[in-house]
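Worksheet: one structure, shown below.
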Protein chains: 2
Amino acid sequence: MTSTPKYYTQKLRILASIADAKPGDPMPTERELASRFDTSRTTIRQALSELVHEGRIVRAHGRGTFVAQPPVIHVRSLTSLSEDLTGTTLDSVVLEVREIVVGAEVSGDSAARAEVAAGLELDSGSAVTRVERVRTSDGEALAHEVAHLPGTYPGLAGELASRGSLYATLRDAYDVVLASAEDEIGTGLADPDDSARLGIAVGQPLLLITRTARSGTGVPLEFTRSRFRGDRFRFLARS
Amino acid sequence: MTSTPKYYTQKLRILASIADAKPGDPMPTERELASRFDTSRTTIRQALSELVHEGRIVRAHGRGTFVAQPPVIHVRSLTSLSEDLTGTTLDSVVLEVREIVVGAEVSGDSAARAEVAAGLELDSGSAVTRVERVRTSDGEALAHEVAHLPGTYPGLAGELASRGSLYATLRDAYDVVLASAEDEIGTGLADPDDSARLGIAVGQPLLLITRTARSGTGVPLEFTRSRFRGDRFRFLARS
DNA sequence: CAGTGGTCTAGACCACACT
DNA sequence: GTGTGGTCTAGACCACTGC
């Protein structure tokens, strides 16, 4: 049997020490923990890093380390296809709405555009509307979401701003009704872009969700990639 | 803007160097990479750790580091409630089948038992059948799964052995039909137990899935907690 | 400015696999 | 034994926050 590494012992001790702490409570500093547990700061950081990955604590550069907030649970209902939340509200901030041409041999993110074309089952050169949003709850950024809709949606930015929900906007302003959806869910790690957009550390676990929604006749109407904070979010699928 | 850390630059360089490598191909050793990129082994390890978390490479203690296999996608179909897989087969190894009493004030895992009682909507003291399995694909351990079924199932271990699928066994041998299910999905980190059971490193990201399945009348018939390897697995939910 | 977390170093020793 | 990855140290400096 492998012996337990030191950092893991420290992790459990730290976990026990915050068992009845409230979200937002400050933790001892890394140097303080290192001296208290008579170990190196490196080892303490390894223990703290796992607790950060598990969503138990959060680190704030220059300010300190704090006990984390409990996770938000995102309910994805089958019958209504609406998005809902237990307890809190999931809002969104639109970063950009623009038209692009998919599958084209343009510089840069051509792989991403080919993927969108495949997801929407479109030919190269088709026009697609791209909607980039940050999903928030209580003012805290939880996810970065890029949706792609086949064709053009004149005035979409304005309609979205006044309605909030993308699905409600599609239904009410454009008569587009989604009948089924498929979500592929995996894990990933925050890169520097995620870090900046979501205010989390690089390397933090993410929940990656790729959604393809279709009409009643099976025509793809939406292809969306979402990157949710793994420490603050859970996904609920009903079937 | 924050400057890019050195380990992140190395990560991208390493990623580029294995762009056209095949799964299973050996990587240079950590010490070799450190000397080649003129940096410390610590920094190289930080870069490699992220690639491990992302499922791009795997580390084997004492043997070396290798390019990882592509992930397996688990399809969770709504209509049949059956479990299926794209490409490969998802098998299972039964570790244990036994009866327990939930919610009881016993030593140790009383919190877990209370949780099971709540999930199955049972009173404290009820009898429950506990089925512990390891899910495998191509002989590789992908997940650890603990299912709880209300009541007793005489001969379940034997029936399971001859049929394989838990749902098929419940339906064919016990006339238990599941009509709906709810999956709560989040991320987690491998602890030493996960590490031993799944053959992965402590701290590796996991996909945590808690499933509650019910009869047509809404009575809970199954409460299962699964811990899937995040680097080798994706979950597909249809609705 | 002082204090926090973030990165990096050079080196040591341990645990494990293979020969 | 040799070589691999796994853990740990003591210290340095950087980047950010808030006084």
Side-chain angles (χ1 to χ4, degrees), chain A residues 1-14 24-53 56-68 189-192 194-196 199-204, chain B residues 1-14 24-53 56-68 189-192 194-196 199-204:
Chain A
M1 203 56 187
T2 296
S3 77
T4 308
K6 193 170 188 175
Y7 77 86
Y8 197 80
T9 307
Q10 311 301 356
K11 175 184 169 186
L12 296 184
R13 289 175 73 177
I14 296 168
D25 282 358
M27 304 269 300
T29 69
E30 298 179 348
R31 289 163 177 89
E32 160 70 17
L33 286 169
S35 107
R36 184 188 302 179
F37 293 156
D38 192 35
T39 183
S40 73
R41 193 178 151 218
T42 311
T43 301
I44 289 294
R45 274 185 66 77
Q46 190 169 2
L48 290 179
S49 293
E50 293 209 350
L51 293 174
V52 169
H53 288 343
R56 309 302 299 262
I57 62 177
V58 292
R59 292 203 265 221
H61 194 171
R63 293 202 300 124
T65 307
F66 306 87
V67 176
L189 251 58
D191 61 27
D194 296 315
S195 168
I200 56 177
V202 171
Q204 183 103 0
Chain B
M1 205 54 188
T2 296
S3 77
T4 308
K6 193 171 187 174
Y7 77 86
Y8 198 79
T9 307
Q10 312 300 359
K11 175 184 168 185
L12 297 183
R13 290 175 73 176
I14 296 169
D25 283 359
M27 304 269 300
T29 69
E30 297 179 348
R31 289 163 177 88
E32 160 70 15
L33 287 169
S35 106
R36 183 188 303 178
F37 293 155
D38 192 35
T39 184
S40 73
R41 191 177 153 220
T42 311
T43 301
I44 289 295
R45 275 185 65 77
Q46 190 170 0
L48 290 179
S49 293
E50 293 209 350
L51 292 173
V52 168
H53 288 343
R56 308 302 299 261
I57 62 177
V58 291
R59 292 203 266 221
H61 196 172
R63 293 201 299 124
T65 307
F66 306 87
V67 176
L189 251 56
D191 61 27
D194 296 315
S195 167
I200 57 177
V202 171
Q204 183 103 359

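In what follows, every chain begins at residue 1, and chains take the letters A, B, ... in the order their sequences are listed.
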Which residue lies more 5' along DNA chain D, comparing A/Tyr7 with B/His61 via nearest heavy atoms = B/His61

With nearest nucleotides of DNA chain D determined for A/Thr39 and B/Arg59 from heavy-atom distances, which residue corresponds to the more 5′ nucleotide?
->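 Closer to the 5' end of DNA chain D: B/Arg59.
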
Just compare [options] and give me whichever is closest to any side-chain atom of [X].
{"X": "B/Arg31", "options": "D/dG5, C/dC8, C/dG6", "value": "D/dG5"}
{"X": "B/Thr29", "options": "D/dT9, D/dT4, D/dG6", "value": "D/dT4"}
{"X": "A/Ser40", "options": "C/dG5, D/dT9, D/dT4", "value": "D/dT9"}
{"X": "B/Thr42", "options": "C/dT9, C/dC8, C/dT4", "value": "C/dT9"}
{"X": "A/Thr43", "options": "D/dC8, C/dT9, D/dG5", "value": "D/dC8"}
{"X": "A/Arg41", "options": "D/dT7, C/dC8, D/dA12", "value": "D/dA12"}

Give the intermediate values and the outcome of side chain to side chain contact (heavy atoms under 4.5 Å, CB included) for residues A/Ile14 and A/Phe37.
-> CA-CA 10 Å; A/Ile14 296 168; A/Phe37 293 156; 3.8 Å; yes

Side chain of B/Thr39, backbone of B/Ala34: donor and acceptor closer than 3.5 Å?
->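 Side chain of B/Thr39 to backbone of B/Ala34: no pair is present.
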
Report yes or no: does B/Ser195 contribute a side-chain atom to a donor-acceptor pair with the main-chain N or O of B/Ile200 at less than 3.5 Å?
-> yes

Has B/Lys6 got a side-chain N or O lying under 4.0 Å from the OP1 or OP2 atom of C/dT9?
-> yes

Could you tell me whether the phosphate oxygens of C/dG5, OP1 or OP2, come under 4.0 Å of any side-chain nitrogen or oxygen in A/Thr65?
->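 For C/dG5, OP1/OP2 do have a side-chain N/O of A/Thr65 under 4.0 Å.
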
[N] [atom2] sits how many Å from [X] [atom1], rounded?
{"X": "B/Ile44", "N": "C/dA10", "atom1": "CD1", "atom2": "P", "value": "13 Å"}
{"X": "A/Asp38", "N": "D/dC8", "atom1": "CG", "atom2": "P", "value": "13 Å"}
{"X": "A/Arg45", "N": "D/dT9", "atom1": "CZ", "atom2": "P", "value": "15 Å"}
{"X": "B/Gln46", "N": "C/dT9", "atom1": "CD", "atom2": "C1'", "value": "13 Å"}
{"X": "A/Arg63", "N": "D/dG18", "atom1": "CZ", "atom2": "C1'", "value": "10 Å"}
{"X": "B/Met27", "N": "D/dG3", "atom1": "CE", "atom2": "C1'", "value": "17 Å"}
{"X": "B/Glu30", "N": "C/dA10", "atom1": "CD", "atom2": "P", "value": "16 Å"}
{"X": "A/Ile14", "N": "C/dG5", "atom1": "CD1", "atom2": "P", "value": "11 Å"}

Does C/dT19 have a Watson-Crick or wobble partner in any strand here, with both distances under 3.5 angstrom, and which is it?
-> none

Heavy-atom pair with the smallest gap, counting every atom of B/Asp38 and B/Lys6 |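 Looks like O-NZ, 4.1 Å.
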
Name the nucleic acid region contacted by A/Ala201, choosing base, sugar-phosphate or nothing; use a 4.0 angstrom heavy-atom cut-off, strictly under.
-> nothing

May I ask you to test the A/Arg13-A/Arg36 pair for a side-chain heavy-atom distance under 4.5 Å?
->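 No - every pair of side-chain heavy atoms lies 4.5 Å or more apart.
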
